[in-house]
Amino acid sequence: MATEKEKLIDMYRTMVRIRTFEERVFKEFTAGNIPGFVHLYSGQEAVATGACANLGPDDYITSTHRGHGHLIAKGGKTDKMMAELYGKKTGYNKGKGGSMHLADPDLGILGANGIVAAGIPIAGGAALSAKLRGTDQVTLCFFGDGATNNSRFHEGVNLAACLNLPVVYVIENNLYAISVRISYACKIANVADRAGAYGIPGKTVDGNDVLAVYEAVGEAVTRARKGQGPTLVECKTYRWRGHWAGDAQSYVGKEEIKEWMKKDPIPRFRKQLFEMRVLTEKDAARIDQEINEEIKKAVEFAEESPLPDPEEVLTDVYA
Ligand SMILES: Cc1ncc(C[n+]2csc(CCOP(=O)(O)OP(=O)(O)O)c2C)c(N)n1
Ligand SMILES: [Mg+2]
């Protein structure tokens, strides 16, 4: 029970860390302090957190253009992430990757990715490697509803199913691909139903319920570790901010955003933890304060770090 309690508190801390990181990034981006593009994860914290809580340090994840939450949930350090977003030498990619190329192979983080659905074949490769090496490593492959209409989804999931690979596909159905609503681009209610076409299990869960995600992905991870092949887990959720941090969301009704904000996964989980007597109001306030301090320091670290030297422009281009 002690371990279980620690785990739940850790999951709560991760969700707060993601939200605090993202909202600070939004602020700094809006102020012009972060170059390039950022795609924020606020509202979707329960997915990355619940899914990655099933992984160990040796397992892999592939991510997307909306990757900050995935990295944090897999153990990415917020100071090195922030420095990378600022384009600084101390960042995960020495300041040359930015938000959409954040990666840490030592933590099994095979990279954020600016190409929609491109993580799917990479996850297949990582899972095939684990299988050939005879390890029990699992690969979690995150992607959005939009990616499920890309050909890489069909090819990648079909091949992984045929090869019985230890991979778990986590679809974050946040209802939109940029400004295109999922109902316009897909004629089935639950994308996870597509699993049947590949002969693998598929499940749709409330993606704002961290414990539901944890459980569904947990079952899929267990199957994968036992050599029983891939699973598709669809998590229904919502992104609070625009497609990217500067998007005015003119295609979304204000009421819709308000409705989803009422389903905020963080206070929802906090309430559950209070009811379970795992967390007190005082604990929650302490966690908020610790994380605020951590993110403040991450920004200071990023601001104070040097830019990469011009001579480094052609180094680390290829691994
Ligand atoms: C192959 C490819 N096609 C199109 C784009 C442009 N694009 C960037 S993000 C995006 C939408 C992705 O939607 P979804 O998969 O639902 O992820 P979300 O942004 O909702 O997290 C598109 C079409 C791209 N980056 N790569
Ligand atoms: Mg989407």
Side-chain angles (χ1 to χ4, degrees), residues 18-19 21-22 25-26 29 36-52 61-74 97-103 111-124 140-157 168-194 202 204-208 213 232-253 256-257 259-261 263 265:
I18 297 172
R19 174 71 56 83
F21 183 90
E22 291 299 65
V25 168
F26 181 68
F29 179 86
F37 277 97
V38 287
H39 303 82
L40 300 175
Y41 198 69
S42 296
Q44 301 186 200
E45 294 85 355
V47 182
T49 304
C52 287
I61 64 161
T62 63
S63 177
T64 67
H65 54 287
R66 200 175 301 291
H68 308 161
H70 309 144
L71 266 92
I72 290 175
K74 186 66 172 67
S99 167
M100 279 187 277
H101 301 99
L102 282 164
N113 205 313
I115 303 169
V116 171
I120 299 174
I122 295 172
L140 264 193
C141 176
F142 289 102
F143 49 88
D145 47 288
T148 65
N149 293 324
N150 183 287
S151 61
R152 273 179 289 268
F153 172 80
H154 168 69
E155 295 169 27
V157 178
V168 178
Y169 300 105
V170 180
I171 306 169
E172 299 192 68
N173 185 351
N174 61 9
L175 303 184
Y176 291 92
I178 308 186
S179 54
V180 178
R181 217 180 146 86
I182 178 77
S183 53
Y184 182 85
C186 173
K187 291 295 134 194
I188 52 175
N190 296 319
V191 189
D193 290 351
R194 291 186 179 175
T204 298
V205 296
D206 178 348
N208 280 19
V213 175
L232 211 57
V233 181
E234 176 189 16
C235 306
K236 303 246 197 206
T237 183
Y238 198 79
R239 61 165 160 78
W240 286 12
R241 301 271 174 208
H243 171 67
W244 64 289
D247 165 15
Q249 287 172 288
S250 53
Y251 49 89
V252 184
E256 181 178 290
I257 303 175
E259 276 311 303
W260 276 93
M261 280 185 162
K263 301 184 214 169

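Computed from a predicted structure; not experimentally measured. Side chains included, hydrogens not; waters and symmetry mates left out as well; all remaining heavy atoms used. All ligand and atom numbering here is 1-based and tracks the order in the structure.
Checking each of Glu172, Glu256, Lys263, Gln44 against Tyr238 for a side-chain hydrogen bond (donor to acceptor under 3.5 Å, both in side chains) leaves exactly one that passes, namely Glu256. For the pairing with His68, the side-chain hydrogen bond (donor to acceptor under 3.5 Å, both in side chains) check across Ser63, Ser99, Ser42 returns one residue only, Ser99. Exactly one of Val170, Val205, Asn208, Thr49 qualifies for a side-chain contact (heavy atoms from CB on, under 4.5 Å) with Val213. That residue is Val205.
The salt bridge (Lys or Arg N to Asp or Glu O under 4.0 Å) contacts involving residues 235-246 comprise Glu23-Arg241, Glu234-Lys236, where partners must be two or more places apart or lie in separate chains.
Atom CG of Asp247 and atom NE2 of His39 lie 9.0 Å apart (nearest 0.5 Å). Atom CG of residue Asp145 and atom CG of residue Asn174 lie 5.0 Å apart, to the nearest 0.5 angstrom.
The Mg ion (ligand 2) has an N, O or S atom of Tyr176 under 2.8 Å away, backbone or side chain. In summary, Asp145 places an N/O/S atom under 2.8 Å from the Mg ion (ligand 2), meeting the contact criterion.
Closer than 4.0 angstrom to ligand 1 by heavy atom are His65, Arg66, Gly114, Ile115, Val116, Gly144, Asp145, Gly146, Ala147, Arg152, Asn174, Tyr176, Ala177, Ile178, His243, sorted by chain and number.
Looking only at side-chain heavy atoms (C-beta outward), Arg66 and His243 come within less than 4.5 Å of each other.
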